[in-house]
There are 2 protein chains.
Amino acid sequence: MTRLKDLSLKTGFSITTISRALAGYDDVNEQTRQQIIRAAQEMGYQPNEVARQLRAQRTQTIGLIIPTHDQPFSEGFFDQLMRGIGDAAGESRFDVLVSARAAGDDEMESYKRIVGGNRVDGLILARTRHHDERIAYLRKAKMPFVVSGRAAPDEATDFPFIDVDSQAGIQHATAHLIALGHTRIGLVLPPPEIAYTEFRHRGYADALAAAGIPYDAGLVLHGDLMRSGGAACMRHFIETQAGLTAVVCSNDLMALGAMQAAQGRGYRIGHDMAIVGFDDLPISEHANPPLTTVRQPIYDIGRRLVELLLPIILGRPPQETQILLPTQLIVRESCGASSSRKGDWPSA
Amino acid sequence: MTRLKDLSLKTGFSITTISRALAGYDDVNEQTRQQIIRAAQEMGYQPNEVARQLRAQRTQTIGLIIPTHDQPFSEGFFDQLMRGIGDAAGESRFDVLVSARAAGDDEMESYKRIVGGNRVDGLILARTRHHDERIAYLRKAKMPFVVSGRAAPDEATDFPFIDVDSQAGIQHATAHLIALGHTRIGLVLPPPEIAYTEFRHRGYADALAAAGIPYDAGLVLHGDLMRSGGAACMRHFIETQAGLTAVVCSNDLMALGAMQAAQGRGYRIGHDMAIVGFDDLPISEHANPPLTTVRQPIYDIGRRLVELLLPIILGRPPQETQILLPTQLIVRESCGASSSRKGDWPSA
DNA sequence: TTGAAAGCGCTAACAA
DNA sequence: TTGTTAGCGCTTTCAA
């Protein structure tokens, strides 16, 4: 690799002059500069970024932490998040260092290597956990960071984050169903230990309250975020909630499972059963029939995370550091509540 | 951040001794070492990785280049690839620097910053292009690299790669259909300009030849890798190929589109029409009915890419540098060729 | 307008 | 067993 020293040898100017000529300082003779620039091009000079980092005590790098193995259900999420982050970071000449290790012992090790080892100027955390030890560590290390997703409503969320406004999204979806005439609407939530579960619960309750429909705990279940969970909940609804005509599911896989379970019992989705999903990935779109869905703008979350983090890194923190992005309700099937279904359910 | 100098001040030993004590050299008095280790723990010492990198002229970092915008159809692919790469790299204490910029002018800029700027020890290229300028650059810079996916069969593939053996995969799938009794089998390929298209074409032709079934060019179409393309091809097959009973699609989205188009024309998938997909993402599994699919082991590709690259970086290149991973045929629906369909197609 | 010197934090050759 | 010194490639005083 060509170094400043090589250019110095070639042109006869000192390393200092070369550095300043290439950096665009105006205390360099224009003729000298041209000569140096030409030499740099001829020799294919690229500054050694590592040396720059050491000197500047800045890395022009954003760290991205994604615990992986515990999220088999969110395939596609990272693709989009990464695109958003990569684009926004690149536009500001930042690179992205990803730590994608499975959660476990090693995870914290590579984590500390990145943070304590000065490999990044700031971090994006892709999932928070309850009382996250990583956040405590970042605080102590005074490392700037932003989080994708906030803590549960009953926990303190005293860090900068960007999240999708899932409460409003679920409320919107539920209100949509109510407007179509549905009054007995099931809700399939994520497991209770997940931070965002309660927001979705509240969105559902809000919509019912606004319409004057009483909240019925029998219409609210927790699923496992996979198809099997959605199917189990739907079967349970069918068996216990006779008047139910619509179900809101907290993610697409559960919506798909619910759909298939209902179809297995003879329901026609879009005719005598309405199902709404919540989009991590575009599965709802590919279902048959396509399902109505609440879409999360994941690419935008990625972009906005960078746009939130960079000012913090550069020492001019923005006022607004907790941002909720709107979701979008994509209606793919409008199914009213006029169920024509009567009598017993088919057994399969 | 605590530096060696701080530990030196605290313990009274020289920076050199501290460095060697922590590095585990055995020419350090054991008592001294204990004292130093304790101090390091108390002060939360983490070595500055950037300084190490500059000193060692090695970064312990793998670069991953993923052009993003031109692949809207492969959502989920990088999720899995990244997991495989992240796990394997982390196990060898390597970090991963990702360049996820959209293809374009800036792309080459951030690319050169990473490669020429000594930010990585080696690179993984996630998609090759025809006569890829990035590969030429890497060669000139003598930067170790491996590629996910090989060049088309008629282009020279003179670089280390790992690819899925799509030729064998498609052959396997086609043979499977033939074994079920199908003789008129459609093939929906990716666009001809994509490097791997021809491999899939050959796999199909191989299976026909092995079974003594004549190749019919009317049964081979190119789709756009999206649902619309699969649907268009299926409609074309239905209109022009009366005896067709099965279709092999080059990816899952097209398989899904083909399925929906066939269902729209009154076919019952798994009864009078068999469809096989090729798995970038698990859509086939979620189809209704679930489709038979050729599954790509993408996580493994990620792992193996790292396992191929690291020895090259460390100067002990393996003999085998061009690796084809087997696909897996997942049969979800066994549909024989005994179509009961007669007469006209329904118009919708 | 240019150059000499210092130093970012670390490791390693060499000396004591 | 420990310390002194040099240097990785760069930027930035400061002096000429």
Side-chain angles (χ1 to χ4, degrees), chain A residues 1-37 39-40 43-61 93 112-121 141, chain B residues 1-37 39-40 43-61 93 112-121 141:
Chain A
M1 282 286 96
T2 310
R3 300 152 303 161
L4 288 184
K5 189 177 180 185
D6 300 314
L7 295 179
S8 170
L9 259 39
K10 172 149 183 173
T11 61
F13 293 102
S14 73
I15 288 179
T16 309
T17 301
I18 312 247
S19 172
R20 278 195 312 234
L22 294 175
Y25 282 67
D26 58 5
D27 59 354
V28 177
N29 184 314
E30 197 48 36
Q31 211 170 358
T32 306
R33 184 197 309 283
Q34 292 310 327
Q35 198 177 336
I36 289 172
I37 288 178
M43 304 186 69
Y45 173 74
Q46 281 282 134
N48 182 317
E49 296 295 336
V50 174
R52 281 187 160 175
Q53 288 175 24
L54 181 59
R55 168 69 228 228
Q57 296 293 85
R58 305 198 60 257
T59 59
Q60 291 286 312
T61 305
R93 295 165 184 275
K112 287 191 172 174
R113 190 175 58 226
I114 288 173
V115 177
N118 267 59
R119 298 220 52 185
V120 299
D121 295 332
Chain B
M1 284 284 94
T2 310
R3 301 153 301 160
L4 289 184
K5 189 176 182 186
D6 300 314
L7 295 179
S8 170
L9 260 37
K10 173 150 182 173
T11 62
F13 293 102
S14 74
I15 288 179
T16 309
T17 301
I18 313 244
S19 171
R20 278 194 313 234
L22 294 174
Y25 282 68
D26 59 4
D27 59 354
V28 177
N29 185 312
E30 196 49 37
Q31 212 171 356
T32 306
R33 184 197 309 282
Q34 291 309 327
Q35 199 177 335
I36 288 171
I37 288 179
M43 304 185 70
Y45 173 74
Q46 281 283 133
N48 182 317
E49 297 295 336
V50 175
R52 281 186 161 176
Q53 287 176 24
L54 181 59
R55 167 69 227 219
Q57 296 293 83
R58 308 202 52 262
T59 58
Q60 290 285 312
T61 305
R93 297 163 183 277
K112 287 191 171 173
R113 190 174 59 225
I114 288 174
V115 177
N118 268 357
R119 297 221 53 184
V120 299
D121 295 333

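Basis for what follows: all heavy atoms, side chains included, without hydrogens, waters or symmetry-related copies. Sequence lines set the chain letters: A, B, ... in the order given, protein chains first and strands last, and positions in each chain run from 1.
For the OP1/OP2 pair of C:dT1 and a distance below 4.0 Å, the side-chain nitrogens and oxygens of A:Thr17 include no atom meeting the criterion. Taking 4.0 angstrom as the limit, B:Tyr45 places a side-chain polar atom (N or O) nearer than this to OP1 or OP2 of C:dC10.
At whole-Å resolution of the value, CG in B:Asn118 and P in D:dG9 are 8 Å apart. Nucleotide C:dC10 holds its P atom 11 Å from the CE atom of B:Met1, rounded to whole Å. Atom NZ of A:Lys5 is separated from atom C1' of C:dA5 by 15 Å (rounded to the nearest Å). When rounded to the nearest whole Å, the span between CG of A:Leu4 and P of D:dC8 equals 12 Å. Distance A:Gln60 CD to D:dC10 P: 16 Å, rounded to the nearest Å. In this structure, B:Arg55 places its CZ atom 9 Å from P of D:dC8, rounding to the nearest Å. Here D:dG9 presents its P atom at 15 Å from CD of A:Gln53, a figure rounded to the nearest Å. Separating the CD atom of B:Gln57 from the P atom of C:dC10 is a distance of 17 Å, rounded to the nearest angstrom.
Comparing D:dT2, C:dT11, D:dC10 against the side chain of A:Pro47 picks out D:dC10 as the nearest. Here the side chain of B:Arg52 is nearest to one of C:dA13, C:dC8, C:dC10, namely C:dC10. Minimum atom distance to the side chain of B:Thr16 is reached by D:dT4, of the listed C:dT11, C:dG3, D:dT4. When each of C:dA13, C:dT2, C:dG9 is scored by its nearest atom to the side-chain atoms of B:Arg20, the top-ranked nucleotide is C:dA13.
Nearest-nucleotide positions on DNA chain D place B:Asn29 closer to the 5' end than the other of B:Asn29 and A:Arg3. Take the nearest nucleotide of DNA chain C for B:Tyr25 and for B:Val50: the residue whose nucleotide is more 5' is B:Val50. Taking for each of B:Thr32 and B:Ala56 the nucleotide of DNA chain D with the nearest heavy atom, the 5'-most of the two is the partner of B:Thr32.
Residue contacts for B:Asp27: at a heavy-atom cut-off of 4.0 Å it reaches a base atom on one of the strands shown.
Two residues are said to be in side-chain contact when any heavy atoms from C-beta on lie closer than 4.5 Å; B:Arg113 and A:Gln60 fail this criterion. The side-chain heavy atoms of B:Arg119 and A:Gln53, taken from C-beta on, include a pair separated by under 4.5 Å. Side-chain atoms of B:Asn48 and B:Met1, non-hydrogen and from C-beta on, never get closer than 4.5 Å to each other.
Put simply, the residue from B:Ile36, B:Ile18, B:Thr2 that forms a side chain to side chain contact (heavy atoms under 4.5 Å, CB included) with B:Tyr45 is B:Thr2.
Below the 3.5 angstrom threshold, one finds no donor paired with an acceptor across the side chain of A:Ser14 and the base of C:dA4.
In the model, A:Glu30 has a side-chain atom that pairs as donor or acceptor with a side-chain atom of A:Gln34 under 3.5 Å.
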